[in-house]
Amino acid sequence: MARSFLTFATATILNAVSAGYSYGFDIVDVTGMPGGTVYPALRRLEDLGYLTSKWEKEQVAQAELRPRRRYYDLTRSGRTALAEAVKRYHLIEQTSLAKGRDPKLSRA
């Protein structure tokens, strides 16, 4: 597979998945990026082979009275691409995406 240059935004999204944020809204929340940026990037990253995804069972979503979630996992090539992006974008190393922290509240 040919290497693809990752933008800072896509590298940040891969970093979020690597840190355990595994579905779209969770990634939107932790990165602060709009859904119109995150969801297309997730599809592109999956097309590149950096992520895999699977839908949760309908029963789980129904029990929680919400739409089904699509969960993303980082692939081996995704980990490699992220490592290369971290070298390029030093700011990603300084960004802590510790699972379980309180999300930053919107000013909207």
Side-chain angles (χ1 to χ4, degrees):
M1 174 185 299
R3 288 188 182 180
S4 177
F5 176 79
L6 295 181
T7 64
F8 185 77
T10 54
T12 301
I13 291 167
L14 276 184
N15 192 42
V17 174
S18 174
Y21 297 92
S22 59
Y23 60 94
F25 188 75
D26 211 13
I27 296 166
V28 166
D29 192 39
V30 74
T31 63
M33 289 185 229
T37 299
V38 171
Y39 290 102
L42 287 168
R43 283 190 296 275
R44 284 191 306 275
L45 290 166
E46 189 170 16
D47 289 345
L48 289 168
Y50 297 156
L51 296 175
T52 58
S53 70
K54 64 180 177 182
W55 286 99
E56 76 178 338
K57 293 181 180 177
E58 182 69 36
Q59 298 87 344
V60 174
Q62 285 178 350
E64 295 183 18
L65 302 174
R66 59 169 173 73
R68 286 173 61 196
R69 293 177 178 158
R70 188 173 193 156
Y71 288 97
Y72 294 88
D73 285 309
L74 205 57
T75 64
R76 178 177 288 159
S77 60
R79 282 189 292 277
T80 301
L82 178 59
E84 291 172 4
V86 166
K87 290 177 191 174
R88 190 169 44 256
Y89 301 117
H90 299 288
L91 185 60
I92 290 177
E93 289 178 318
Q94 298 168 9
T95 304
S96 175
L97 295 175
K99 189 69 172 166
R101 71 167 178 79
D102 291 333
K104 185 176 180 181
L105 298 177
S106 171
R107 296 180 192 220

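Among Glu46, Lys54, Glu56, the single residue meeting the side-chain contact (heavy atoms from CB on, under 4.5 Å) criterion with Arg70 is Glu46.
Considering only residues two or more places apart in sequence or on other chains, Arg79 meets the side-chain contact (heavy atoms from CB on, under 4.5 Å) condition with Leu74, Arg76.
Tyr39 places a side-chain N or O within donor-acceptor distance of the main-chain N or O of Phe25, the cut-off being under 3.5 Å.
The distance from atom OG of Ser22 to atom CG of Leu51, rounded to the nearest 0.5 Å, is 11.0 Å. Tyr71 contributes atom OH, which lies 8.5 Å from atom CG of Asp26 (distance to the nearest 0.5 angstrom). The structure places NZ of Lys57 at 11.0 Å from CZ of Arg68, a figure rounded to the nearest 0.5 Å. The CG atom of Asn15 sits 9.0 Å away from the CZ atom of Phe8 when rounded to the nearest 0.5 Å. The line from CG of Leu82 to CG of Leu14 is 5.5 Å long, rounded to the nearest 0.5 Å.
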Tyr72 and Tyr50: side-chain contact (heavy atoms from CB on, under 4.5 Å), yes or no, with the steps? CA-CA 10 Å; Tyr72 294 88; Tyr50 297 156; over 6 Å; no
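Using a 4.5 Å heavy-atom cutoff, the side chains of Met33 and Val28 are not in contact. Side-chain contact check for Arg69 versus Val60: every heavy-atom pair is 4.5 Å or farther apart. You'll find the side chain of Leu45 reaches within 4.5 Å of the side chain of Leu6, heavy atoms only.
For Ser77 and Thr80, the side-chain atoms include no donor-acceptor pair closer than 3.5 Å.
Gly49 and Thr75 get closest at one heavy-atom pair: O-OG1, 2.6 Å. A pairwise comparison of heavy atoms in Ala41 and Ile13 identifies CB-CD1, 3.5 Å as the closest pair.
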